[in-house]
Amino acid sequence: MSELKSALSALSKAIFPNRCELCGEVIELDEKVCFKCKNPPIIKAPFCEFCGASKEDCNCKKNKNEYKRIISPYYYTDSLVPAIHRFKNGGMPFLAERFTANLAKCISEHYSHVSFDVITFVPIRDFQKRKRGFNQSQLLAEKVAEKINVPVASILKKIRYTGVQHYKSAMERKADIFGAYDVVDDYKDSLECKTILLIDDVKTTGATLNECSKMLKIYGAKEVYCAVVAITNNLKSEY
């Protein structure tokens with residue numbers, strides 16, 4: 001009987017292998033995530049407030065941004081790339097809980113001096129949300145709000161389709177994003193002197209976060225701080 005059970009177990013592993021929740025790699029049956037996802041590429045403090053990279057890695061131009069500062073726990077590389085892709089496009093909204101554990105910790109530690117009035121997030125178009133079933137940045141913001149006890153609100157809206165940004169340069173992204181976001185009508189008269197935490201999943205050039213922050217400030221926000229799950233560190237000259 002034990003030989004039969006062993007054979008069935010081996011067959012089951014071969015046909016239905018256990019995979020890492022984050023990146024999809026095959027792992028042992030008693031594990032939930034692989035070794036790489038347990039030990040993602042962490043950004044070491046102190047952070048550069050302009051690009052979010054560790055100061056020891058930073059080579060950005062220190063250009064002034066619309067947001068006050070940006071922080072992130074991880075670099076967008078290695079196993080974190082397929083992990084976030086599975087979260088956004090693989091129908092795995094439950095991964096938001098995993099991503100926000102260290103994101104909320106990072107916010108609590110490095111924004112401890114900031115009293116946020118509200119948390120908001122980068123919006124997506126309605127058809128994108130219907131296709132995906134959720135807005136990944138909204139899920140992240142809601143989880144962070146629960147963990148740091150700050151209210152969350154859907155303050156921004158995307159008013160123009162910008163196309164796929166992944167392979168575009170920093171200048172192309174900036175041009176595409178210009179005028180693509182606005183503040184929801186219900187909040188246009190209620191942002192005066194507010195300090196806002198803006199959440200997104202990944203920062204590449206920062207164009208999207210800059211445009212969203214600009215709109216929040218146009219309608220009266222005092223300061224906008226950003227926090228993302230991961231940042232790219234391969235476009236240093238374009239920040």
Side-chain angles (χ1 to χ4, degrees), residues 21-23 32-33 36-60 62 65-88 92-122 135-153 194-206 208-210 212-213 216 221 223-236 239:
E21 285 185 352
L22 293 173
C23 70
K32 289 189 175 181
V33 295
K36 286 185 177 180
C37 288
K38 284 181 180 177
N39 301 275
I42 295 175
I43 302 175
K44 297 178 182 179
F47 305 140
C48 170
E49 64 184 49
F50 296 94
C51 71
S54 170
K55 284 190 175 180
E56 65 182 28
D57 300 328
C58 173
N59 192 32
C60 77
K62 304 294 187 293
N65 298 305
E66 296 291 343
Y67 50 83
K68 179 78 172 179
R69 186 183 175 192
I70 183 167
I71 57 171
S72 174
Y74 304 123
Y75 282 125
Y76 186 58
T77 186
D78 299 335
S79 63
L80 207 58
V81 176
I84 291 180
H85 180 76
R86 282 160 64 85
F87 167 51
K88 291 172 63 172
M92 297 185 177
F94 61 88
L95 293 181
E97 184 65 42
R98 285 195 175 275
F99 289 133
T100 53
N102 278 342
L103 179 58
K105 181 180 178 183
C106 186
I107 291 168
S108 296
E109 290 179 356
H110 300 287
Y111 286 159
S112 59
H113 63 293
V114 184
S115 180
F116 294 112
D117 294 296
V118 66
I119 296 173
T120 195
F121 48 87
V122 173
N135 175 355
Q136 73 280 357
S137 298
Q138 180 177 0
L139 285 184
L140 295 170
E142 289 171 350
K143 293 294 182 182
V144 167
E146 292 174 3
K147 296 177 188 301
I148 68 172
N149 197 30
V150 175
V152 62
K194 293 289 192 298
T195 299
I196 300 173
L197 176 61
L198 177 61
I199 300 289
D200 202 4
D201 55 347
V202 176
K203 170 191 171 284
T204 49
T205 64
T208 297
L209 292 168
N210 250 327
C212 289
S213 299
L216 293 169
E223 290 177 331
V224 180
Y225 291 79
C226 295
V228 298
V229 173
I231 65 166
T232 58
N233 199 32
N234 60 345
L235 300 172
K236 291 179 180 178
Y239 283 116

Nearest 0.5 Å, what's the [atom1]-[atom2] distance between [X] and [Y]?
X: Phe50; Y: Ile70; atom1: CZ; atom2: CD1; value: 12.5 Å
X: Tyr75; Y: Ile42; atom1: OH; atom2: CD1; value: 11.5 Å
X: Leu95; Y: Leu139; atom1: CG; atom2: CG; value: 10.5 Å
X: Cys212; Y: Leu198; atom1: SG; atom2: CG; value: 5.5 Å
X: Cys48; Y: Arg69; atom1: SG; atom2: CZ; value: 9.5 Å
X: Thr120; Y: Gln138; atom1: OG1; atom2: CD; value: 9.0 Å

Compare all side-chain heavy atoms of [X] with those of [Y] and state whether any distance is below 4.5 angstrom.
X: Cys58; Y: Cys51; answer: yes
X: Ile199; Y: Leu197; answer: yes
X: Lys203; Y: Leu209; answer: yes
X: His110; Y: Phe47; answer: yes
X: Val144; Y: Phe99; answer: no
X: Val229; Y: Leu140; answer: yes

Exercise. Check the surroundings of atom NZ in Lys147: do more than 12 heavy atoms from other residues, nucleotides or ligands lie under 6.0 Å from it?
Key: yes

Closer than 3.5 angstrom, by distance alone: can the side chain of [X] be matched with the main-chain N or O of [Y] as a donor-acceptor pair?
X: Asn65; Y: Tyr67; value: no
X: Asp200; Y: Val122; value: no
X: Asp117; Y: Thr195; value: yes

Quiz item: Charged N to carboxylate O under 4.0 angstrom, Lys88 versus Asp201?
Solution: yes

With a cut-off of 3.5 Å and sequence neighbours excluded, list every side-chain donor-acceptor pair involving residues 100-107.
from	atom 1	to	atom 2	distance (Å)
Thr100	OG1	Ala96	O	2.8
Thr100	OG1	Glu97	O	3.3
Asn102	ND2	Tyr74	OH	2.6

Quiz prompt | For Tyr111, ring-ring contact (aromatic ring centres under 6.0 Å, His included) partners two or more places apart | solution = Phe116, Tyr225

Practice problem: Just jot down the ring-ring contact (aromatic ring centres under 6.0 Å, His included) partners of Phe121, sequence neighbours excluded, or say none. | Solution: none

Exercise. Compare every heavy atom of Ser72 with every heavy atom of Val228, then report the nearest pair and how far apart it is.
Key: O-OG, 3.0 Å

Quiz item: Looking at Phe87 and Met92, what are the two nearest heavy atoms and their distance?
Solution: CD1-O, 3.3 Å

